[in-house]
Amino acid sequence: MAALDPHLQEIYEVVLRRNPGEAEFHQAVLEVFESLGPVVRKRPEYVESRALERMCEPERQVIFRVPWIDDSGRIEINRGFRVEFSSVLGPFKGGLRFHPSVNLGIVKFLGFEQIFKNALTGMPIGGGKGGSDFDPKGRSNREVMAFCQSFMTELYRHIGEYTDVPAGDIGVGGREIGYLFGQYKRITNLYESGVLTGKGLGWGGSRVRKEATGYGLVFFAQEMLRARGDSFDGKRVVVSGSGNVAIYAVEMALQLGATVVACSDSSGYVVDEGGIDLELLKQVKEVDRGRLADYVVGRPGATLVTEGSIWDVVCDVALPCATQNELDEDAAISLVKHGASVVAEGANMPTTRAATRVLLDADVLFAPGKAANAGGVATSALEMQQNASRDSWTHEYTQDRLEGIMRGIHERCASSADEFGAPGNYVVGANTSSFVQLADAVLALGVI
Ligand code: NDP
Ligand code: 2IT
């Protein structure tokens with residue numbers, strides 16, 4: 001990797017010292033700083049005003065105990081987090097993750113990414129993230145409800161439609177948002193629809209929000225292909241994960257004429273040369289809350305592979321949609337060897353820094369998550385707009401808005417990459433364009 005600009009190196013070292021042991025947060029900061037050399041040389045006021053240090057320090061971080069009672073009567077204790085990173089562009093906005101791996105460093109990396117992503121959407125939303133080390137896997141609906149109610153009993157005092165607006169992420173979907181919203185409503189005695197997004201369609205949710213991250217990812221990749229005179233038609237696609245983002249990435253890739261030959265969960269990956277059966281995948285994952293092993297049972301010809309890497313499956317387009325650092329250097333080498341031409345991140349930071357370097361050096365079109373997966377949060381902002389105006393838009397209109405937003409993000413990334421001397425490099429484009437917008441707002445709002 002290129003050495004950092006000396007000013008940025010100094011600031012990065014302070015970040016390392018002040019946030020010991022938070023490897024994913026360090027990685028997210030470094031990935032942004034690596035793009036910013038030309039920006040701080042052109043605009044030294046960003047360094048002089050200490051805009052970067054201010055952006056690396058969350059405005060507020062809340063950590064709390066979440067006690068609840070399981071179905072056997074045992075008292076369980078989890079840890080809850082909300083990191084409110086930056087509200088210079090709008091209320092804090094970002095998802096909640098329920099997964100046993102959640103800790104402060106993970107929430108901070110996600111919150112930091114979120115401020116840049118949300119800036120890229122062009123919508124009035126700041127950035128934050130939260131969650132818990134609670135593992136919803138294998139828990140009954142009643143246990144999930146008990147946990148969500150206890151979590152909200154602390155979280156409610158920190159959020160609000162003009163303050164901080166959480167949504168879903170790993171382990172948090174429509175069911176959890178329902179229980180969280182119900183408890184917020186009960187405690188506050190307010191039907192404050194705009195306090196959470198990802199709500200059900202019958203009670204304040206937006207059409208297309210469920211599909212938005214996966215659809216938006218494929219729209220973004222389509223723009224990248226189009227810029228090279230190509231399209232999804234006839235492409236072989238591999239999607240990692242089989243959750244919310246993955247399922248709707250598969251759906252839109254199929255609609256655009258691609259064949260999706262593999263997807264995964266934490267127990268392995270499925271290869272289905274006949275093309276992933278989307279309805280079966282939805283039944284197994286969304287309805288039955290099952291495992292991919294159950295998909296294979298209903299699908300002769302498909303195989304479940306429990307060793308090796310999904311990135312060994314030959315494809316033209318790779319869409320990592322599971323979790324951070326799931327696509328490492330060996331995986332990138334394998335994708336390049338097998339001729340992949342596009343990698344677009346549906347997950348947050350799924351590609352390691354070394355893997356990103358391999359892909360960029362090989363001239364693979366690479367879209368960072370903060371650009372490519374921004375369709376989810378952008379549609380959350382559309383949900384907030386509908387809530388604020390007590391309106392409900394059609395599927396067609398909402399999807400058109402999402403497509404327009406993704407084209408806008410692509411355009412912003414491409415032109416900022418050109419401006420800062422890295423044409424075609426979406427990493428540089430995404431980081432520089434969002435950073436300039438944020439830093440200008442930081443300066444305009446004074447020392448706060
Ligand atoms: P889901 O919980 O719906 O699905 C997550 C999927 O990833 C599951 O298939 C899960 O497998 C797999 N996975 C999760 N953690 C791991 C792990 N440590 N190792 C291997 N596999 C894992 O989450 P989403 O689809 O909502 O989120 C996926 C990614 O997309 C995350 O990085 C999230 O931050 C990002 N994202 C989500 C958005 C949204 O709107 N939901 C918006 C933008 C980004 P298993 O079930 O076996 O755990
Ligand atoms: O990472 C993300 O952008 C999300 N999990 C969605 C956040 C949101 O507020 O919709």
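Ligands are counted one by one from 1 in listed order, and the atoms in each one are counted from 1 as well. Every heavy atom of this structure was used, including side-chain atoms; hydrogens, water molecules and symmetry mates were not.
Remark: the Arg291 side chain and the Ser266 side chain contain an N/O donor-acceptor pair separated by less than 3.5 Å. If you check the side chains of Arg207 and Thr398, you find no donor sitting under 3.5 Å from an acceptor. Between the side chains of Ser206 and Gln386, at least one donor-acceptor pair of N or O atoms lies under 3.5 Å. Judged purely by distance below 3.5 Å, without hydrogens or angles, the side chains of Asp328 and Trp311 never pair a donor atom with an acceptor atom. With no hydrogens or angles considered, no side-chain donor-acceptor pair links Thr352 and Glu329 at under 3.5 Å.
In this structure, ligand 1 sits under 4.0 Å from heavy atoms belonging to Arg97, His99, Lys117, Lys137, Asp169, Ile170, Gly171, Arg209, Thr213, Gly241, Ser242, Gly243, Asn244, Val245, Ser264, Asp265, Ser266, Arg291, Cys321, Ala322, Thr323, Gly346, Ala347, Asn348, Asn373.
Near Ala167, meaning under 4.0 Å from one of its heavy atoms, ligand 2 places the atoms 8 (C), 9 (O), 10 (O). Residue contact check: Gly95 has heavy atoms under 4.0 Å from atoms 7 (C) of ligand 2. Those atoms of ligand 2 with a heavy atom of Ser380 less than 4.0 angstrom away are 8 (C), 9 (O), 10 (O).
Using bins of under 30°, 30° to 60° and over 60° for the plane-to-plane angle, the ring pair Trp203/Phe181 lands in the parallel bin.
A side chain to side chain donor-acceptor pair (under 3.5 Å) with Asn19 is found for exactly one of Glu57, His26, Lys108, namely Lys108. Shown are Phe81, Tyr156, Phe98, Tyr184; of these, the ring-ring contact (aromatic ring centres under 6.0 Å, His included) with Phe151 is made only by Phe98.
The aromatic ring centres of Phe92 and Phe85 sit 6.0 Å or more apart.
In this structure, of Arg97, Lys370, Lys93, the residue bringing a heavy atom nearest to atom 9 (O) of ligand 2 is Lys93.
Here's the thing with Asn373: none of its N/O atoms is less than 3.5 angstrom from an N/O atom of ligand 2.
For the ligand labelled ligand 2, residue Lys129 lies inside the 4.0 Å heavy-atom shell. Gly168 counts as a contact of ligand 2, since one of its heavy atoms falls under 4.0 Å from the ligand.
Looking only at protein heavy atoms, the nearest one to atom 6 (C) of ligand 2 is Arg209 NH2, 3.6 Å. For atom 3 (O) of ligand 2, the nearest non-hydrogen atom of the protein is Lys117 NZ, 2.8 Å.
If you look at Glu113 next to ligand 2, there are no close heavy atoms at all, none under 4.0 Å. If you look at Thr213 next to ligand 2, there are no close heavy atoms at all, none under 4.0 Å.
Between the side chain of Ser87 and the backbone N or O of Gly126 there is no donor-acceptor pair closer than 3.5 Å.
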key: salt bridge (charged side-chain N to carboxylate O under 4.0 Å, His left out) assessment of Arg97 paired with Asp169   = CA-CA 5 Å; Arg97 177 178 290 191; Asp169 193 80; 2.7 Å; yes
